[in-house]
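Chain letters run A, B, ... following the sequence lines, proteins first and then strands; every chain starts at 1. What you see below is based on every heavy atom in this structure, not just the backbone, and it leaves out hydrogens, waters and symmetry mates.
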There are 4 protein chains.
Amino acid sequence: MSSKFVSLNPEKQERILNASLKEFALKGYENASTNEIVKLAGISKGLLFHYFANKKELYLFLYNHFVDVLMKEFFNELDFTGRDIFERLKNLMILKNRLMARHPEIFNFMMSASMEASEEVKEALNDSKTELMHTSYGRLFENIDLTKFREGTDIQRTINIIMWTLEGFSNQELEKAKKLNKDSLDFDEAFKEAEVYIDMLKKSFYKSH
Amino acid sequence: MSSKFVSLNPEKQERILNASLKEFALKGYENASTNEIVKLAGISKGLLFHYFANKKELYLFLYNHFVDVLMKEFFNELDFTGRDIFERLKNLMILKNRLMARHPEIFNFMMSASMEASEEVKEALNDSKTELMHTSYGRLFENIDLTKFREGTDIQRTINIIMWTLEGFSNQELEKAKKLNKDSLDFDEAFKEAEVYIDMLKKSFYKSH
Amino acid sequence: MSSKFVSLNPEKQERILNASLKEFALKGYENASTNEIVKLAGISKGLLFHYFANKKELYLFLYNHFVDVLMKEFFNELDFTGRDIFERLKNLMILKNRLMARHPEIFNFMMSASMEASEEVKEALNDSKTELMHTSYGRLFENIDLTKFREGTDIQRTINIIMWTLEGFSNQELEKAKKLNKDSLDFDEAFKEAEVYIDMLKKSFYKSH
Amino acid sequence: MSSKFVSLNPEKQERILNASLKEFALKGYENASTNEIVKLAGISKGLLFHYFANKKELYLFLYNHFVDVLMKEFFNELDFTGRDIFERLKNLMILKNRLMARHPEIFNFMMSASMEASEEVKEALNDSKTELMHTSYGRLFENIDLTKFREGTDIQRTINIIMWTLEGFSNQELEKAKKLNKDSLDFDEAFKEAEVYIDMLKKSFYKSH
DNA sequence: CATGAATGAGGGTTCATTCAT
DNA sequence: CATGAATGAACCCTCATTCAT
């Protein structure tokens, strides 16, 4: 249905996409107003529904579109040449932050999408989301150097501990930044702190030399 | 304003509370319909607004009410006699799971509340929430046995790692359960798995003997 | 119906009367809220409707009650001993102003009542109002001294001119006061100005001597 | 916002305008029901708010629109060629009556508007109203023949007396007509009576010859 | 392709009035 | 006498969606 959309004047495409992004990120799915979107995009009411059968389709298209945008940049810039799992996870964190600084509105939208309460849309969302997860996580652990771990280490669970720790730290920093009303966190400081945690985990799970 | 409510026929109170709980948990603050609530509760439109000045007051009352309910049971059943931090966190997890199994609808509501996007309600929520956090977290780390940790351990950060790990594990199990459409997770199995993680962390951060 | 009301504890009567007066004066008939009235009066919802069958009856009772209050004071204090029509009209103006200063809330209510747009109440109001007019106007022109007018004067129409002039002047001053947000007009100055008009009219319609 | 309205099918415009006019005139701003208006106009609820952002905007648009309509006819038909103040005031009265007979509903609305109690609308109304007053009153006294007045006449106050008299007379006739449930007063008779008052005033304030 | 007029159900909230206690 | 819980229609306004042009 929304296939017509891609063959539209790209500048107008952009306007519609950005207007929708902003409105949905700000108000969530149900409370976002298509009236507001067309006003922001400078198009007529009818045109929006010419390209998208309904609000839901627009929302889902938006979601998939910006997941694609993000994924494309993500895999372009991701450096997984090293085989050290910590190196890879650190790179992942850095990249994530770089992307967030580059596209704050898209991240706002993604965040709001991941917390979306509307039944009408939640289910359809999850499908795409998990698909994304699988694609990305597959490569993260490909060919990592297992010899660095102490002998007898429960690799799978250890990796979980590492990831949960880094995730927990990441969320903590984000919370802090939100509380201080900063758009992006103080990257250098947070990075140094992350290194401390990484060293602690290395000392715990890597062979000592 | 909503003080009239507490002196109402308890059975009707219950009906109103449960109807609101369900509707808000399902649809979030903004999209929940007071029409739906009164229909579910079997009362007239006017009566709801006789007890609560407006939707927001109802929501906030609900939140505070169920936080109280939860907290009361929580502190009644919490066992913090032991001084081992792992023991306490394990107890905490178990208790949390027990409460979730006992009041699944309340937890649904609390989850939806904690992700509430509506500006109108977010702020008022945070106040109560952080207050709750402080009260509960204060006791969690009171008088724990620090001598068990290896010498030179960075206690603060180590505790963070432990908590993030258990949190991460907990969320993982919940996700699994949701995916399988089970209301409550297989408690015994999850518990055994948690013990494995706890042992790993103990081996890493406690003195070996 | 509202006859029960008069045999009620006078202090409570007062509270109900004053609360109603204030609310109706402020918001007009339709927009006045019986909820607000009972809150202000400190009585229960049911009691109000125990004494007054409905809102309309309360309003009409209020109107008639305060018309009576006003009329009683009015006729008590009115000085119609002199036979000069100008003297009487001047006295009337002065008295009117004195009453307004004494009972501003009642006058607010009366003003709002006279501009009442609600169909439900307009008609019933007019009946009482004209009745009031007739009673009061009868005495105003009783036994005035006609010999002071020039010979051949059309007395009836001359009196109309005098009254319309004084009325017009009165309204003008009231408007001025309202525009300056003063509660009561500067009485002395207005009075002096009124005298000027009266002298002009005297010169026009009274015999010169 | 209401600019869309003017480019609408004129016949439907008319229906909306007339329905609103009638409802507002009858019930006043606050008590007028937009439900009633759309029913009367034969349009859907949504359409009204497609054209007017809210009730207030509709009301104000209506007011300004019909002030314009009236003013246009008024200035088209007004004859101020003569320099005699009585002539002008008489012309004014006649014109006012002609317009009232032509557009009784508009006058009903204007009357109700001028007595509008609603705070929400009163202020915005006064702005336009006083503007209208200034425009119209400026021309009324432009270049009138002052030589006709007796020497030593207090012109300003005399004009006030004349105006208040004619106003008072006008209102009296209107009241009479309303009481007899006549839509328009018996014009010829009222006119003759007005001439009597004018002659009386002329005899009082003009030079005798 | 593109417009925006048109719909009508639904949103939260207020209200005068009733009636069991 | 007095209470206040309970009703449900009415209030203004918003909305996604349709369709004639």
Would you indicate, yes or no, if [N] has its OP1 or OP2 atom less than 4.0 angstrom from a side-chain nitrogen or oxygen of [X]?
X        : N       : result
Tyr51(A) : dA2(E)  : yes
His50(D) : dA5(E)  : yes
Ser44(B) : dA6(F)  : no
Ser33(B) : dG12(E) : yes

Item to check | is_close_aromatic(Tyr29(B), Tyr63(B)), centroid dist under 6.0 Å | outcome: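 When the ring centroids of Tyr29(B) and Tyr63(B) are compared, they turn out to be at least 6.0 Å apart.
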Item to check | Test item: Phe66(D) and His103(D) side chains (from C-beta on) under 4.5 Å apart, heavy atoms | outcome: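 Phe66(D) vs His103(D): side chains apart.
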Item to check | Minimum side-chain heavy-atom gap Leu58(D)-Ile37(D) below 4.5 Å | outcome: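 Touching, per the 4.5 Å side-chain cut-off.
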Checklist entry - Which nucleotide sits closest to the side chain of Leu8(B): dA2(E), dA5(F), dC13(F)? => result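 Closest nucleotide to the Leu8(B) side chain: dA5(F).
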Checklist entry - Looking at the side chain of Thr34(C), which of dT3(F), dA16(E), dA16(F) is the nearest nucleotide? => result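 Of all the options, the side chain of Thr34(C) is nearest to dA16(E).
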Need one value for [X]: base, sugar-phosphate or nothing, where a base atom within 4.0 Å counts as base even if backbone is also close, heavy atoms only.
X        : value
Lys55(B) : sugar-phosphate
Lys56(D) : nothing
Asn35(B) : sugar-phosphate

Checklist entry - Which sits closer to the 5' end of DNA chain E, Glu30(C) or Asn31(B), going by the nucleotide each is nearest to? => result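 With Glu30(C) and Asn31(B) compared, the 5'-side residue is Asn31(B).
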Could you state the [atom1]-[atom2] distance from [X] to [N], rounded to the nearest angstrom?
X        : N       : atom1 : atom2 : answer
Ile37(A) : dT14(F) : CD1   : P     : 17 Å
Phe49(B) : dT13(E) : CZ    : P     : 5 Å
Asn9(C)  : dA2(F)  : CG    : P     : 8 Å
Leu48(C) : dT17(E) : CG    : C1'   : 10 Å
Lys39(D) : dC12(F) : NZ    : P     : 12 Å
Lys45(A) : dC15(F) : NZ    : P     : 9 Å
Glu23(D) : dA10(F) : CD    : P     : 13 Å
Asn54(A) : dC19(F) : CG    : P     : 15 Å

Item to check | NZ/Lys45(A): more than 12 non-hydrogen atoms of other groups inside 6.0 Å | outcome: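 More than 12 heavy atoms, drawn from other residues, nucleotides or ligands, come within 6.0 Å of this atom.
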Checklist entry - Starting at the 5' end of DNA chain F, which residue's closest nucleotide do you reach first, Lys27(D) or Leu47(C)? => result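 Comparing both residues, the 5'-ward one is Leu47(C).
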Item to check | Separation between CD1 of Ile16(A) and CD1 of Ile43(A), rounded to the nearest 0.5 Å | outcome: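 Atom-to-atom, Ile16(A):CD1 and Ile43(A):CD1 are 4.0 Å apart.
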